[in-house]
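Everything on this sheet refers to the single structure shown next.
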2 protein chains.
Amino acid sequence: MTSGRSSRGGAPTTEGVSRTASAKAPERGIPEATVARLPVYLRALITLSDREIATCSSEELAAAAGVNSAKLRKDLSYLGSYGTRGVGYDVEYLRYQIAREIGVTQDWPVVIVGIGNLGHALANYSGFSSRGFRIVALLDSDPARHGEPLGDRFIRDFADLETIVREHDVAIGVIATPAHAAQDVCDRLVACGVTSILNFAPSVLSVPEGVDVRKVDLSIELQILAYHEQRKSAAYDADALTEPEIAAAVVESA
Amino acid sequence: MTSGRSSRGGAPTTEGVSRTASAKAPERGIPEATVARLPVYLRALITLSDREIATCSSEELAAAAGVNSAKLRKDLSYLGSYGTRGVGYDVEYLRYQIAREIGVTQDWPVVIVGIGNLGHALANYSGFSSRGFRIVALLDSDPARHGEPLGDRFIRDFADLETIVREHDVAIGVIATPAHAAQDVCDRLVACGVTSILNFAPSVLSVPEGVDVRKVDLSIELQILAYHEQRKSAAYDADALTEPEIAAAVVESA
DNA sequence: CTCAGTTTGTTCCCACGTTCACAAACTCCT
DNA sequence: AGGAGTTTGTGAACGTGGGAACAAACTGAG
């Protein structure tokens, strides 16, 4: 078990207290960056598993996941020592361990709020159900949509939210409404006891402590690409100019 | 005017050389984390602008964008000195400067490949067109879908890709196909000269140097939420156990 | 003009994340 | 058994990012 530890963090600057309340003492603490990659590793392992590959090296798995092998090994080391030196990783075993660590070995009931174009796409998305996420309700505030069949469910009234959340013990909510409705929906979800929210609406949500929000913003992703694309073109332009011309252009733009 | 001054950059820590070769010397280098936030600031400024607010402080803008004000000021400082001390930022002016820096003051033709549920949602998404992104083609390899109207376009054959890309000088492609088709589509896009790709398919794309890929993966986002959700529950469980019991449980699971 | 009040731009420092490089631990062959 | 070859797990160096704090630069009142 290598009780050593040490080296991590090192300076307990703002901690000191810590032991105050109850738990929180060990805080196994898998870094956030690692958590974000675990699902990628899991998918790569599932692919290998489907191809009936029993064992793989960190190099192979890293290639399948699109990362550097040293990073992969360090990431996996936060979970424990699940590999064998000189051999590699057992695909099925590692797959199970990662799935357990992420929590996808259990069933997660999910509600989707806002059944427009995106909501339809989400409701039909097979990637949800295949990873332990079960859509228990599709909610919309527009009465014209109530009762409409979608996937293996029917669209229901957003007013039924609280009943549904309590009945199915829902912890995760997906917001796919227009931006102007997102904060209201979010507040309602939180009030019902939902503590994790995936937000597709282009708006900043404010939530109380203890509630996690992740946002997916299509427009922002495109803008980031546009920025880099613009710089690629600018690099060409810069090559076409001599240094004095660059200096002149800089002054001009100021 | 403030001709001289500058003061940008400040600490030439690891630079020193820099002046060596031709271009690449200045390399204004906005940090990636900052680039990812600029679209958020832009959206916040547009909201303020719509409310006819002429000026705002870093504190106000930071609140609207959901970030810390020191971080916001530092981010903006990479673009230049666009604020006035003791006053704040001119909303319209800053809005324009950020839009120009990101590149959304110009028009970006975009093709979407794979018109399933998600492709439909993307084609109808207003956030694209409102930020300078113009969808010039919706492509799918399924002949049954060709000619189908969607938004203000018709679905066309994927085989037309090269013609369309050359005709409209498309630099950005969106992949919304099933996972198994994504790498092929990606290769075709790259071969036609597309250098920025937004990938919605749950697969790792490999591209040559110089091509940017960003991925949006709904399933991964949910899994990250599930991980944190699981730990919240685990915290409760831990509270219910005494320390020896925790130790026992840990050993057992290993 | 001067002074008090306000807000930006920047510096400094710490925490986090990435990568290299290598010892430890395993397999396989002779 | 022993040694060569392979691959993991991790220590250490490096780079990036975040936040507190403060000097610089502005406004406005007297």
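- Nearest-nucleotide positions on DNA chain C for R85(B) and R73(A) put R85(B) closer to the 5' end.
- Side-chain N/O atoms of S57(A) include none lying less than 4.0 angstrom from OP1 or OP2 on dT7(D).
- Side-chain atoms of Q183(A) come within 3.5 Å of backbone N or O of S206(A) as a donor-acceptor pair.
- For L76(A) and dT10(D), the CG to C1' distance is 13 Å, given to the nearest whole Å.
- Distances shown here put every side-chain N or O of S58(B) at or beyond 4.0 Å from the OP1 or OP2 atom of dT7(C).
- Under 4.0 angstrom from either OP1 or OP2 of dG9(C) there lies at least one side-chain N or O belonging to S81(B).
- Side-chain N/O atoms of K74(A) and base N/O atoms of dT19(C) include a donor-acceptor pair closer than 3.5 Å.
- Remark: P of dG9(C) and CG of L61(B) are 12 Å apart, rounded to the nearest angstrom.
- Atom P of nucleotide dG19(D) and atom CG of L72(B) are separated by 12 Å, given to the nearest angstrom.
- Residue R37(A) places at least one side-chain N or O under 4.0 Å from the OP1 or OP2 atom of dT18(C).
- Note on Y89(A): a side-chain N or O is less than 4.0 Å away from OP1 or OP2 of dG9(D).
- For the pair I102(A)/I224(B), no side-chain contact is recorded, criterion being any heavy-atom separation below 4.5 Å from C-beta on.
- Residue contacts for E32(B): at a heavy-atom cut-off of 4.0 Å it reaches the sugar-phosphate backbone alone, with no base atom in range.
- The CG atom of D75(B) sits 10 Å away from the P atom of dG19(D) (whole-angstrom rounding).
- Within a 6.0 Å sphere centred on CD of Q106(A), other residues, nucleotides and ligands contribute more than 12 heavy atoms.
- Taking CH2 of W108(A) as the reference point, atom CG of L222(B) lies at 11.0 Å (rounded to 0.5 Å).
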